[in-house]
Each structure stands twice: as C-alpha cells, then as structure tokens.
Amino acid sequence: MRAERWLPTQPGQAWKPTSPEGAATLAGAIKLAKEGWLSREEQIVLCNTGSGLKYVHQVNAMNMNSQPENHTSESTKASLELLYRVSRELATALDLPTVLQRVLSLSIDTIGAISGSIIILDEKEQPVESAIIYEDQVQHHITEKLKSTLEKGLAGWVAKNKESVYIADTREDDRWLLRPHDEESETGAKSVVAVPITARENLVGVITVAHPIPNYLNENHLALVQAIADQAGVAVINARLYDEVKSQARVMTALANSAKMITSTLNLDTVLENILIQINKALQVEAVALALINPEKNELEYKAINYDDPSLEVDLVGRQVQIGEGLIGWVARNGKGKTINDLKNDPHYESISNLHPKIDLKAIACAPIRFHGNIIGVLEVINPRGDGFEEDALLVLSGIGSLAGSSIQNAQFFEDLKAAHNRYHDLFENSADPIIISDFKGNILESNYKTIKTTGYTHKKLHSLTIKDIHNINWETVGRNFDDLATGKTCRYESTLVTSDQTNIPIQVNVHPINIAGKPRLEWILQDITERKKLDQLRDDLTSMVYHDLRSPLSNVVSSLNVMEALLPMEKDQEIKSLFEIATRSTQRIQRLTKSLLDINRLEKGQPITDQEPVDPYLLAKNAYQAMIPHAENKEQELSLLVPKDLPAVMADQDMIERVLINLLQNAIKFTPSRGKIEIGSKVDKENVRFWVHDTGPGIDPDQKDRIFDKFTRANTDKRAKGLGLGLAFCRLAVEGHGGEISVETPPEGGSLFTFTIPLAPPPDQN
C-alpha cells in the first residue's frame with residue numbers, strides 16, 4: 001500500500017502525480033493506490049493534514065510486514081477516517097477549554113485509554129490552561145495541581161526535550177511521577193504515551209494518555225496521538241488568539257462603557273458612584289470600594305463602596321488606611337495592581353477581613369487610580385461570581401482606574417472652582433464697598449448690590465454706562481487707555497462718584513486687572529471716604545485753630561524769656577541757667593511744631609514756597625545738628641556731622657529745611673536706643689544736594705515705607721514712642737515743595753536711612 005500526491009488537470013482528465021519535493025506544502029489531494037477506500041471529500045481533507053499523511057506512512061510501514069493486505073488496508077482506512085474526524089472536530093471549536101476537552105477526548109477514545117491530561121504552556125513554558133479526563137469526567141482549572149507534573153513528571157520531560165514518549169509499564173520508567181493512587185492496591189501500573197503539542201516549531205503544550213493495563217499501548221498509539229497533537233497545535237494557537245481577541249474586546253467594551261458613564265458628570269459623588277457601578281458591571285463582583293490618598297496625612301481614605309447584597313453593607317466610608325499597610329496600602333505605595341484568588345491563605349486576609357467583616361472573603365483584586373502618572377487612590381473589588389478572577393480582570397480594573405483618575409480630579413477641580421466661585425460671589429455681592437467689573441474700554445459688565453444702592457442707578461441703566469460716566473478717572477495714574485493697568489499694575493487714587501441724582505460722593509478708587517473666563521477685565525473698588533474727608537477737614541480745622549490759638553500766647557512766652565535772659569544773672573546761677581535753657585528749647589520746639597502745622601496747611605492747598613534764597617548746606621546741617629545735640633546727649637547717643645564746608649549753595653527756605661533736618665534728627669533720636677549712633681551728612685548729587693540722616697535704630701518695616709510720610713501715620717517700631725505723625729508728613733511736603741524728593745530705606749548695616757534732595761541754587765548772574 002502506498003500514498004501518492006496528485007494534481008488535478010482539466011475536468012474529466014486523469015490526475016497526475018506531483019514531485020516528492022511538494023510533500024511539505026499544500027499541492028493537491030491525496031489519492032490512494034486502491035480506488036474506493038476514501039471519498040473525494042476525505043481525500044481533499046487529508047491533503048491539508050501533513051501529520052495525517054505521516055501517520056498513514058508510519059502505520060503502513062508497521063502493518064505491511066505483520067498483517068494481511070486486506071486487514072492493513074482496512075486499518076489504514078480507519079486511521080485516515082479518524083484523522084479526518086479529528087480535523088473536523090477541532091475546526092469547529094475556538095474556545096480554549098472546549099478545544100482542550102475535544103483534543104483530550106479524541107486522544108483517549110482513539111486509543112481506548114481511560115484517562116489523560118493536557119497542559120497548555122505560554123511563551124515562557126509556564127502552564128496557563130489544562131484539562132484532565134478520568135473515567136469520562138472532565139476537570140478544568142487544575143493548572144496549579146499539574147505544576148508538580150511539569151517539574152518532576154513525564155509531561156515535564158516531554159516539554160523539556162520536545163520528544164514523544166511511550167512507556168509500556170510505568171513501574172519500569174523513572175520519568176513517571178508516582179502518586180498515591182498508583183499503588184498496586186489502587187490503579188497500579190499503566191501504559192502511557194505522552195507527546196508534545198507544537199505549532200510553528202514552538203512548544204504549546206503536552207498530551208499524556210494512560211491505560212490501566214501495562215503493555216496495552218504501543219508505538220501505533222503513540223503515532224496516532226502524535227498525529228492528533230500535531231493537528232491540535234494549530235487549534236490551540238487559534239483558540240488562544242481567539243481568547244486574546246475576546247479578552248481585548250471585553251476590556252475595550254468595558255473601558256468604553258466606563259468612559260462614557262464616568263465622564264458624563266462633574267459631580268464628585270456621582271462620579272464615584274458611576275465608577276463603582278461600571279466596575280461591578282465589568283467584573284461581576286460582590287463588593288467594589290474606592291479609596292483616595294490624603295497626601296497631608298500619608299493615608300488612604302475610603303470615599304465610596306458598593307455592595308451587590310445590601311445585607312453585607314458596613315460603614316466603610318471615612319475609614320483610613322496608612323499607605324504601605326494592608327493590600328490597598330501596598331498597591332498605593334508600589335503603584336502596581338494585584339490579584340489574589342485564594343485570599344484565605346494569603347497574609348492580607350486578616351486586615352481585609354477587618355474592613356469587610358460581613359463578606360466571606362475568597363478573592364480580591366486591587367489597582368491604583370492614576371492621574372498624570374501620579375497615584376491618587378486605589379480601587380478594590382472582592383469575590384467575583386465565578387471561581388476566581390480571570391486573567392484580564394486586573395487589566396480591566398487598571399484601565400478603569402486610569403479613566404477614574406482623570407474624572408475624579410476633574411470633578412474635584414470643578415468642585416474647588418465652584419467653591420471658589422461661590423466665595424468670590426459672596427465677597428462680591430456682600431462687599432461693603434461698590435465693586436464694578438469693566439472691560440478695558442471702560443464698559444460696565446458687572447456690578448454688585450452695593451453699587452446699585454450707592455449710585456441709585458438700575459441694574460440695566462448702570463450696565464449701559466461706562467466707568468468714566470460715574471466718576472472722574474485719573475488718567476495719569478491708570479495710563480492712557482488703561483495702559484498701566486494692562487501691565488498688571490494696581491492703581492489707587494481719589495475721585496468723586498456721581499450718582500443718578502447728581503450727588504457727588506468722595507471715593508478712594510482701587511482698580512486692578514483680573515481674568516474672568518480667560519478674558520482680561522478691570523475690577524473697580526469704589527470706597528466711600530466721606531467720613532474720612534470730614535475727619536480730615538476736622539483735623540485741618542483743629543490744626544489751624546491750634547496754630548492760631550497758640551501763636552499769640554507763644555509769642556508772649558518768647559518775649560518774656562528774652563526779657564528774663566537780660567534781667568536774670570545766668571552766669572552766676574547755673575540752676576537758673578539750666579531751667580532757662582529747658583524753657584527756651586521747649587519753646588523753640590513748640591514754635592517749630594506750629595510753623596510745621598501752618599506749612600502743612602499751606603502746602604497741601606498748593607501754595608508755593610516764596611521765601612527761597614541761596615543757602616549754604618553746611619549752615620543748614622550745622623544749625624540742625626546744634627539744636628539736637630542736647631537731646632542726643634540726654635540719651636548718651638553719638639551724633640556726628642558729616643557735611644563738607646565747600647558744598648555749593650541750594651535754593652531753599654532756610655527755616656523750613658532746617659526744620660526738615662531737625663524733624664529727621666528728632667525721629668532718629670527717638671527710635672535709636674541709648675549709646676546708639678546717628679549721623680547727618682550731605683553731598684552733591686547731579687543738580688541737587690542730597691542730605692541724609694542715618695541711625696542705628698530698628699529700621700523701617702518695608703510694608704510701611706509708602707505710608708510713613710502720610711499725615712497722622714507713625715511707624716510701629718516702638719510702641720512707647722509718642723507723637724501725632726505730622727513730622728514726616730511735613731518733611732515730605734516741604735521737600736516736594738522745593739522740587740526735591742524724600743525716601744527712606746533700611747541699609748544692609750541696619751537702622752534707618754532718610755534721604756532727601758534740594759536743587760542747587762542758580763549761578764549769581766541767573767539769580
């Protein structure tokens with residue numbers, strides 16, 4: 001008996017044999033030497049089965065010498081029919097467990113065995129799926145139990161050597177791993193065949209088939225099982241590919257459905273609820289929980305939980321778990337998901353049981369929740385409805401965790417934004433001052449309740465006006481077309497608010513740029529300063545009254561002191577002289593104060609300084625220095641005069657600038673501690689002479705530098721120091737009235753450094 005390969009020619013013509021070289025490829029159909037053995041369909045199928053042809057050759061070779069020709073032909077025909085049936089059986093299944101069961105059943109039935117096992121391996125030759133048939137009973141998911149067989153038994157030897165094995169008697173071969181049921185009192189010795197399953201020259205599994213009678217199985221059975229295994233290899237690969245595609249489709253479907261639901265709202269509670277619902281739909285579990293990280297406390301806090309059975313509910317929301325503790329703590333710290341299908345034998349069982357006391361814990365899976373690569377929480381699912389979590393369960397959970405991270409953060413950002421908006425709205429509407437929002441053209445866009453109440457305009461009318469319609473804008477401060485504000489500057493000035501009934505209200509305007517919904521806007525805060533203006537006027541009136549009421553009696557005191565100086569024996573009685581000097585200094589101080597008050601009134605009203613003439617800077621500084629030496633000596637302070645005698649003259653009101661220097665020295669003496677140092681100096685600075693007073697006191701707070709020269713403002717460096725806060729205000733008005741500038745700073749060596757400039761006097765020919 002022999003088998004040849006044939007190619008069809010024209011219809012109705014005879015078939016011609018192909019060359020032997022075509023044996024490895026699909027070239028045509030198989031035609032047997034004797035017509036009528038196989039149908040045309042069977043012959044064509046066998047041409048697709050190189051292993052079937054190989055098996056036929058092997059069977060023919062063994063049978064030709066031992067069997068009559070008719071018997072051999074019938075045996076070959078039966079074998080080919082078997083292979084054809086195997087091919088059809090395997091081609092109709094794509095589910096891997098079904099494929100394994102069919103391959104194993106066919107192998108057992110074909111050779112008359114009663115038991116067998118099949119193990120499928122991954123690329124690393126680790127078991128991923130298996131099946132056992134014993135006395136027509138199929139057992140799945142026994143991969144863990146078969147690991148010892150792969151490590152020490154016959155299947156492991158076949159996988160390692162990639163060779164088929166026939167064992168006539170398992171008692172005589174060490175490769176067979178003896179188990180308790182192999183004892184003579186139970187199943188006893190067996191005959192076994194084991195063959196590798198390969199596809200594309202790669203090992204994908206091992207088939208082992210056993211018969212309870214030694215020497216029952218032979219080389220023919222080995223060849224037949226090998227032929228089945230060769231066909232099974234492609235079927236296993238297809239089934240695995242099908243499972244992968246099905247798994248990917250399941251994962252993508254779960255993620256797509258989850259994405260749609262999770263991102264459908266920005267309400268945080270609803271987002272968390274949707275996340276748990278989608279996880280439960282995708283994985284079918286008894287409980288789903290979600291915990292978020294509190295970075296300040298380095299712990300996880302449960303935020304939501306969903307139970308399939310309401311009777312299992314516990315008050316878990318709000319419970320904290322330290323990062324690193326328990327399973328969810330481990331996932332949060334390591335950033336890796338984890339699945340445990342045998343939870344009762346796991347070290348984490350007790351800690352998880354404490355969190356879920358009503359659940360009969362069997363399996364658990366945890367995955368991190370990520371946002372922009374950072375872990376912000378952990379998802380936890382418990383007890384799938386099947387025997388355990390499938391391989392893609394962690395992939396689904398991790399994918400939903402990534403989607404959940406973005407949705408949770410977006411919801412939190414939205415809630416923070418909403419809270420900030422509510423706070424701003426409350427501040428805006430409940431502000432004690434009118435607040436107006438305008439664009440950079442001055443058009444009024446928004447206004448608070450206080451604005452409507454103060455201006456008397458209706459909301460509609462007010463929004464038809466521009467900001468310049470209701471008050472006088474100080475364009476020098478804000479810049480033309482609000483150019484200075486466009487740079488981010490905050491401007492402040494005084495103006496008058498015009499109401500709907502044409503009432504004028506004095507206001508302090510604070511305006512600065514803001515960004516609303518991505519658009520630049522201006523925020524105007526209009527503070528009513530009517531009471532402050534009244535108070536200022538009262539102070540001015542009081543100041544004027546004090547000056548005018550003091551001037552006349554003070555003149556009498558000065559005249560009396562001059563008469564007493566001439567009549568009393570000053571040189572003979574030192575006690576009288578000392579008292580007279582105290583009275584004279586105090587009187588001079590009162591005179592300076594009253595003059596300063598009068599000057600402040602005149603300068604604030606814009607009246608010019610008329611008594612200016614060329615004055616020697618050295619003389620100005622010396623007079624102030626000599627006037628303050630007794631005060632410095634009383635506090636044991638060192639007062640130094642650092643003024644060159646050859647400085648050019650300045651154009652000044654001598655009495656006024658001397659009082660400026662005296663005020664600055666008086667301030668320095670007041671705030672400098674005992675045994676401190678104070679110096680007064682001057683130098684030429686371009687077209688000015690710059691004067692300075694430097695002390696070793698506590699210095700000036702940077703936040704007070706812009707306010708210290710205002711009226712009735714005092715530095716808070718020494719709570720014990722008393723005064724009205726008029727001295728420095730007079731200094732500023734006097735210096736600026738001369739066309740100079742005044743400032744204060746804290747130099748690196750400490751203390752306060754007050755400086756001011758007075759313009760140089762013009763040459764005599766221009767005077």
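We count residues from 1, following the sequence as given. The structure presented is a predicted model; accordingly, all values stated were derived computationally and were not measured.
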| Does the separation of the ring centres of His471 and Trp524 fall below 6.0 angstrom? | yes
| For Thr454 against Pro434, the heavy-atom pair lying closest together | OG1-CG, 3.7 Å
| task | Using atom types as modelled and distance alone, determine if a side-chain donor or acceptor of Thr451 lies under 3.5 Å from a backbone N or O of Ile435. | result | yes
| Taking all atoms of both residues into account, what is the closest heavy-atom pair of Thr339 and Ala365, and its distance? | OG1-CB, 3.9 Å
| Is there a side-chain contact between Ile505 and Leu526, using heavy atoms and a 4.5 Å cut-off? | no
| said: Among Arg333, Lys297, Glu299, exactly one meets side-chain hydrogen bond (donor to acceptor under 3.5 Å, both in side chains) together with Gln322. Which residue is that? | reply: Glu299
| Has the side chain of Asp309 got a donor or acceptor atom that lies under 3.5 Å from a matching backbone atom of Leu312? | no
| Say you draw a straight line from CG of Leu272 to CD1 of Ile305; how long is it, rounded to the nearest 0.5 Å? | 12.5 Å
| said: Return the CG to CG distance between Asn294 and Leu300, rounded to the nearest 0.5 Å. | reply: 9.5 Å
| query | Counting N and O atoms only, with roles assigned by atom type, does the side chain of Gln409 sit under 3.5 Å from a partner on the main chain of Ser407, one being a donor and the other an acceptor? | reply | no
| request: Tell me, please, which residues at least two apart from His512 pass ring pair (Phe, Tyr, Trp, His ring centres under 6.0 Å). | output: none
| request: Considering non-hydrogen atoms only, spot the tightest contact between Leu485 and Cys491 and give its length. | output: CD2-SG, 3.7 Å
| Without hydrogens or angle criteria, can the side chains of Ser447 and His463 be said to hold a donor-acceptor pair below 3.5 Å? | yes
| Run the side chain to side chain contact (heavy atoms under 4.5 Å, CB included) check on Leu177 and Leu154 step by step: do they pass? | CA-CA 7 Å; Leu177 180 63; Leu154 181 61; over 6 Å; no
| Under 3.5 Å, is there a donor-acceptor pair between the His356 and Glu380 side chains? | yes
| request: Check the surroundings of atom NZ in Lys461: do more than 12 heavy atoms from other residues, nucleotides or ligands lie under 6.0 Å from it? | output: no
| task | Just grab all the salt bridge (charged side-chain N to carboxylate O under 4.0 Å, His left out) pairs involving residues 346-364, residues at least two apart or on different chains. | result | Lys344-Asp360
| remark: The reported gap from OG1 in Thr477 to CG in Asp484 (rounded to nearest 0.5 angstrom) is 8.5 Å
| request: Using the side chain to side chain contact (heavy atoms under 4.5 Å, CB included) rule, take Gln508 and Arg532 through it: C-alpha gap first, then chi angles, then the decisive distance, then the call. | output: CA-CA 10 Å; Gln508 171 81 40; Arg532 196 184 82 185; 3.7 Å; yes
| query | Judged by atom type as modelled, is there a donor-acceptor pair below 3.5 Å linking the side chain of Gln284 to the main-chain atoms of Lys281? | reply | yes
| request: Hey, could you give me the CG/CG distance between Leu283 and Leu379, rounded to the nearest 0.5 Å? | output: 10.0 Å
| said: Does any part of the side chain of Val288, heavy atoms only, come nearer than 4.5 Å to the side chain of Ile275, both counted from C-beta? | reply: no
| note | NZ of Lys338 to CG of Leu397, rounded to nearest 0.5 Å, is 15.0 Å
| query | Should Ile197 and Ile207 count as side-chain neighbours, where that means a heavy-atom distance under 4.5 Å? | reply | yes
| task | Please report the C-alpha distance between Asn334 and Val331 in whole Å, then the side-chain angles of each, then the deciding distance to 0.1 Å, and finally whether the side chain to side chain contact (heavy atoms under 4.5 Å, CB included) criterion is met. | result | CA-CA 5 Å; Asn334 294 278; Val331 171; over 6 Å; no
| query | Is the closest side-chain donor-acceptor distance between Ser351 and Asn354 under 3.5 Å? | reply | no
| said: Measuring only between side-chain heavy atoms, which start at C-beta, is Glu446 closer than 4.5 Å to Arg521? | reply: no
| said: Thr490 vs Asn510, test: side chain to side chain contact (heavy atoms under 4.5 Å, CB included). Steps then yes/no. | reply: CA-CA 7 Å; Thr490 297; Asn510 293 279; 5.5 Å; no
| query | Taking the side chain as C-beta and beyond, is there a heavy-atom pair between Tyr302 and Val321 under 4.5 Å? | reply | yes
| said: I'd like to check Ile473 versus Tyr493 (side-chain heavy atoms, cut-off strictly below 4.5 Å). Are they in contact? | reply: yes
| Hey, does Tyr349 have a side-chain heavy atom less than 4.5 Å from the side chain of Leu361? | yes
| task | Please determine, by modelled atom types, if Asp469 and Thr466 share a side-chain donor-acceptor pair under 3.5 angstrom. | result | yes
| query | Where do Ala411 and Val271 come nearest, in terms of heavy atoms and distance? | reply | CB-CG2, 4.1 Å
| How close do Asp439 and Leu445 get, heavy atom to heavy atom, and via which atoms? | N-CD1, 3.8 Å
| Closest approach of Val314 to Leu355 (non-hydrogen atoms, all atoms of both residues) | CG2-O, 3.8 Å
| Candidates Asp308, Asn280, Asn383 - the one meeting side-chain contact (heavy atoms from CB on, under 4.5 Å) with Val285 | Asn280
| field | Any donor-acceptor pair under 3.5 Å from Asn267 side chain to Asp269 backbone | value | yes
| Electrostatic pair Glu301-Lys303, nearest N-O below 4.0 angstrom | yes
| query | Could you state the interatomic distance from SG (Cys366) to CD1 (Ile382), rounded to the nearest 0.5 Å? | reply | 8.0 Å
| query | Hey, are the side chains of Leu292 and Gln412 touching, using non-hydrogen atoms and a 4.5 Å cut-off? | reply | yes
| said: Counting only heavy atoms from other residues, nucleotides and ligands, does the tally under 6.0 Å from CZ of Arg492 exceed 12? | reply: no
